[in-house]
Amino acid sequence: MPALPDKHRSFIEWYLEVLELAQLTDKRYPVKGMNVWTPYGFLARRQLDRILIEEIEATGSKPVEFPTLIPQTEFQKEKEHIKGFDAQVYWVTRGGATELDIPLVLRPTSETAMYPMFALWIRSHQDLPLNVYQIVNTFRYETKTTRPFLRVREIHFFEEHTCQVDEGHATARVESNLGAFARMARRLGLPYLAVRRPEWDKFAGAFYSIALDAPVSGAQTIQLGSIHHYRENFSGPYNIRYEGPDGTSRLVHQTTFGLSERLLGALVAVHGDGKGIVFPPEVAPYQVVIVPIPSKMGPDPRPWTEELAGRLRGRGLRVEIDASEDRPGAKYYRWEARGAPLRLEIGGRESAEQSATAVDRLGTKVPIGPVGIEDRILGLLGEFDRRLYAAAEERFRASYATAATLEELTGSEKVRLIAWCGEEACGHDVERAIDGALLGTIVGDPPLPLGAPGPCVACRRSGGTVWAVAGRPL
RNA sequence: GGGACUGUGGGGUAGCUUGGUCCAUCCUUCGGGGUUCGGGACUCCGAGACGCCAGUUCGAAUCUGGCCAGUCCCA
């Protein structure tokens, strides 16, 4: 059987082959950057969405859904925003044979769809805060190489948009989003670092942008999502105003929080190994896969397999029985490639005593049952999740190293923590040296214990420097 | 926008330099039969491809031109 390419030596080849092997997506659709959601990929995505919905709604956000098409006239109201997205929008210019008077854009993101409506919805301070989110498809005409889940032209996009009474409340919403993301990321088993993007790399139209980056392999990172503070940058052009308790009219301060199917790509990239995907139980399309092992001699394992599956489903687990004609070994390889957290093997022996042999995706094999078998399986899944996260955290910490000079950045096999004076010119020196990006300045706790920052890695100026992160975003 | 490279069954490939031995190689995949089943089974039968359009030639997967698609590098 063909072995997978080495994950660390040739990450992208490994990544693409794993997706193929696991049948998580079908990238043969004849439009660049638009891939098909297969049943297995769709089931994983649904779990992902469920987690995002649960966590964001727990912070008081409500679901909405805005139209896919945006009139050019609305799209153009915020200058920086258009500059940032103009090169990447798809245009709808005709309806049937009729040229449209006002061309429509396929939303690349939904600020310009939502904000004219927000202006109608918000009248008084009693309408605030407005916290809404939607999960929809957005379209961006990416010019760089597209990759399934990581860079696509039709994006499965989670976006929260909020309106707050003032800058302080908007800042508090950013903090709240950081907390919500921390909970989401833990459920996905994804360690990450929150950084404030440099001015030249912030979201088009934002006051500032916080990115959530996960290290993947060497100095490579994946942006898992972003949180933006808009201040009044959009509420001005869109005239989103409210009347305060004192009767004065004020502009709202806005924030957004965006995530996408990149999270799925990141799950594959961060947890995957030489055998394929490793899904945390929360996201796994099937948390338990049962492999019956028939034999001419001994009892037929199928009745016990069916009964156990039913009992586990009764406890809320997602269970699949692999009843295909393949031999047991072939099934083991298949479900390892597809990342099932727990496999139960049931042959004549287990069937006779109503037990099972459990093997988790990290390779731990134990006999279980017959007494308390459902509880034992739930326990094994919980333990698996903890070990998976602990292993990911360990790799996370090992992904970072400090660098005191530009020379150390060249060809770096780690994501680098550097002292930076904040000057854009120095930032670009850093980017050239590492052949990547200055990802931003650290928000919250650093991944390594760091002392006070030394002189700027580029200009050597002492004093007034901050810790920043440099890597190669995928 | 500039440059380089690459297009062969569902996936991966050999063949291309030097045209004929190719109604196209091998692995995998898929459909059917049989024996099997505790780590990728064996066997028999069957299915499936030269990106598109021209040209050169007795003859093109192979050479030439155009187009389309993709990949990488540079701006």
Side-chain angles (χ1 to χ4, degrees), chain A residues 1-6 9-41 86-88 141-148 150-154 200 220 273-278 289-305 308 321-340 342-369 411 428 431-432 434-437 472-474:
Chain A
M1 275 285 139
L4 287 169
D6 183 81
R9 256 216 301 267
S10 40
F11 172 77
I12 284 297
E13 286 76 15
W14 171 87
Y15 177 77
L16 293 172
E17 269 198 45
V18 165
L19 296 187
E20 169 102 29
L21 189 60
Q23 296 180 286
L24 200 62
T25 183
D26 195 331
K27 53 179 190 280
R28 291 173 300 178
Y29 191 76
V31 178
K32 180 182 168 75
M34 298 188 181
N35 305 307
V36 175
W37 287 95
T38 56
Y40 197 63
D86 210 28
Q88 315 201 340
Y141 188 76
E142 282 287 349
T143 52
K144 290 189 202 157
T145 304
T146 58
R147 307 204 180 287
L150 300 180
R151 190 179 298 118
V152 291
R153 285 180 166 182
E154 180 171 1
W200 63 88
Q220 292 179 315
D273 61 18
K275 292 176 170 179
I277 296 175
V278 185
V289 170
I290 309 183
V291 177
I293 303 168
S295 165
K296 270 279 194 286
M297 297 147 294
D300 181 353
R302 280 172 301 188
W304 169 232
T305 298
L308 181 58
I321 298 171
D322 188 341
S324 66
E325 302 268 314
D326 296 308
R327 310 186 95 223
K331 297 182 187 186
Y332 302 162
Y333 280 102
R334 174 185 309 139
W335 291 106
E336 281 162 0
R338 303 189 100 188
L342 195 65
R343 172 174 87 233
L344 302 181
E345 305 172 8
I346 294 181
R349 207 163 50 233
E350 290 88 348
S351 219
E353 59 185 38
Q354 303 236 301
S355 66
T357 298
V359 185
D360 75 24
R361 184 55 180 77
L362 296 173
T364 306
K365 184 170 184 168
V366 289
I368 55 170
H428 292 317
E431 296 187 328
R432 269 190 297 276
I434 198 164
D435 189 25
R472 298 185 196 105
L474 276 172

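Convention: sequence-line order gives letters A, B, ...; per-chain numbering from 1.
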Taking side chain as C-beta onward, heavy atoms only, is [X] less than 4.5 Å from [Y]?
{"X": "D273(A)", "Y": "L362(A)", "result": "no"}
{"X": "E17(A)", "Y": "P5(A)", "result": "yes"}
{"X": "Y29(A)", "Y": "E154(A)", "result": "no"}
{"X": "R343(A)", "Y": "K331(A)", "result": "no"}

[X] [atom1] - [N] [atom2] separation (whole Å):
{"X": "L4(A)", "N": "G11(B)", "atom1": "CG", "atom2": "P", "value": "18 Å"}
{"X": "I12(A)", "N": "G70(B)", "atom1": "CD1", "atom2": "P", "value": "18 Å"}
{"X": "E17(A)", "N": "G12(B)", "atom1": "CD", "atom2": "P", "value": "9 Å"}
{"X": "R432(A)", "N": "A75(B)", "atom1": "CZ", "atom2": "C1'", "value": "14 Å"}
{"X": "E20(A)", "N": "U29(B)", "atom1": "CD", "atom2": "P", "value": "13 Å"}
{"X": "Q23(A)", "N": "U29(B)", "atom1": "CD", "atom2": "P", "value": "12 Å"}
{"X": "R28(A)", "N": "G9(B)", "atom1": "CZ", "atom2": "C1'", "value": "12 Å"}
{"X": "D26(A)", "N": "U29(B)", "atom1": "CG", "atom2": "P", "value": "17 Å"}

Residues in side-chain hydrogen bond (donor to acceptor under 3.5 Å, both in side chains) contact with D300(A), at least two apart in sequence or another chain: R302(A)

Results of side-chain hydrogen bond (donor to acceptor under 3.5 Å, both in side chains) for S10(A) - residues two or more places apart only: none

Euclidean distance for [atom1], [N] against [M] (whole angstrom):
{"N": "G65(B)", "M": "U56(B)", "atom1": "P", "result": "15 Å"}
{"N": "A60(B)", "M": "C23(B)", "atom1": "C1'", "result": "15 Å"}
{"N": "A47(B)", "M": "U57(B)", "atom1": "P", "result": "37 Å"}
{"N": "C63(B)", "M": "C5(B)", "atom1": "P", "result": "14 Å"}
{"N": "C53(B)", "M": "A49(B)", "atom1": "P", "result": "16 Å"}
{"N": "U43(B)", "M": "A4(B)", "atom1": "P", "result": "50 Å"}
{"N": "U71(B)", "M": "G51(B)", "atom1": "C1'", "result": "15 Å"}
{"N": "C74(B)", "M": "U21(B)", "atom1": "C1'", "result": "45 Å"}

Both conditions, 6.0 Å and 45 degrees, for the charged tip of R338(A) above the ring of Y40(A): are they met here? yes

Taking for each residue the nucleotide of RNA chain B bearing the nearest heavy atom, is the 5' side occupied by L21(A) or by R147(A)? L21(A)

Looking at [N], which nucleotide sits across from it as a Watson-Crick or G-U wobble partner, both distances under 3.5 angstrom, or is there none?
{"N": "U25(B)", "answer": "none"}
{"N": "G7(B)", "answer": "C68(B)"}
{"N": "G38(B)", "answer": "none"}
{"N": "G46(B)", "answer": "C30(B)"}
{"N": "G20(B)", "answer": "C58(B)"}

Output, in order, the C-alpha distance, side-chain angles, deciding distance and verdict of salt bridge (Lys or Arg N to Asp or Glu O under 4.0 Å) for E142(A) and K32(A). CA-CA 9 Å; E142(A) 282 287 349; K32(A) 180 182 168 75; over 6 Å; no

If a protein heavy atom is under 4.0 Å from the base, mark B; if only from the sugar-phosphate, S; if neither, -; do that for nucleotides 33-39 of chain B going 5' to 3'. ---BBBB

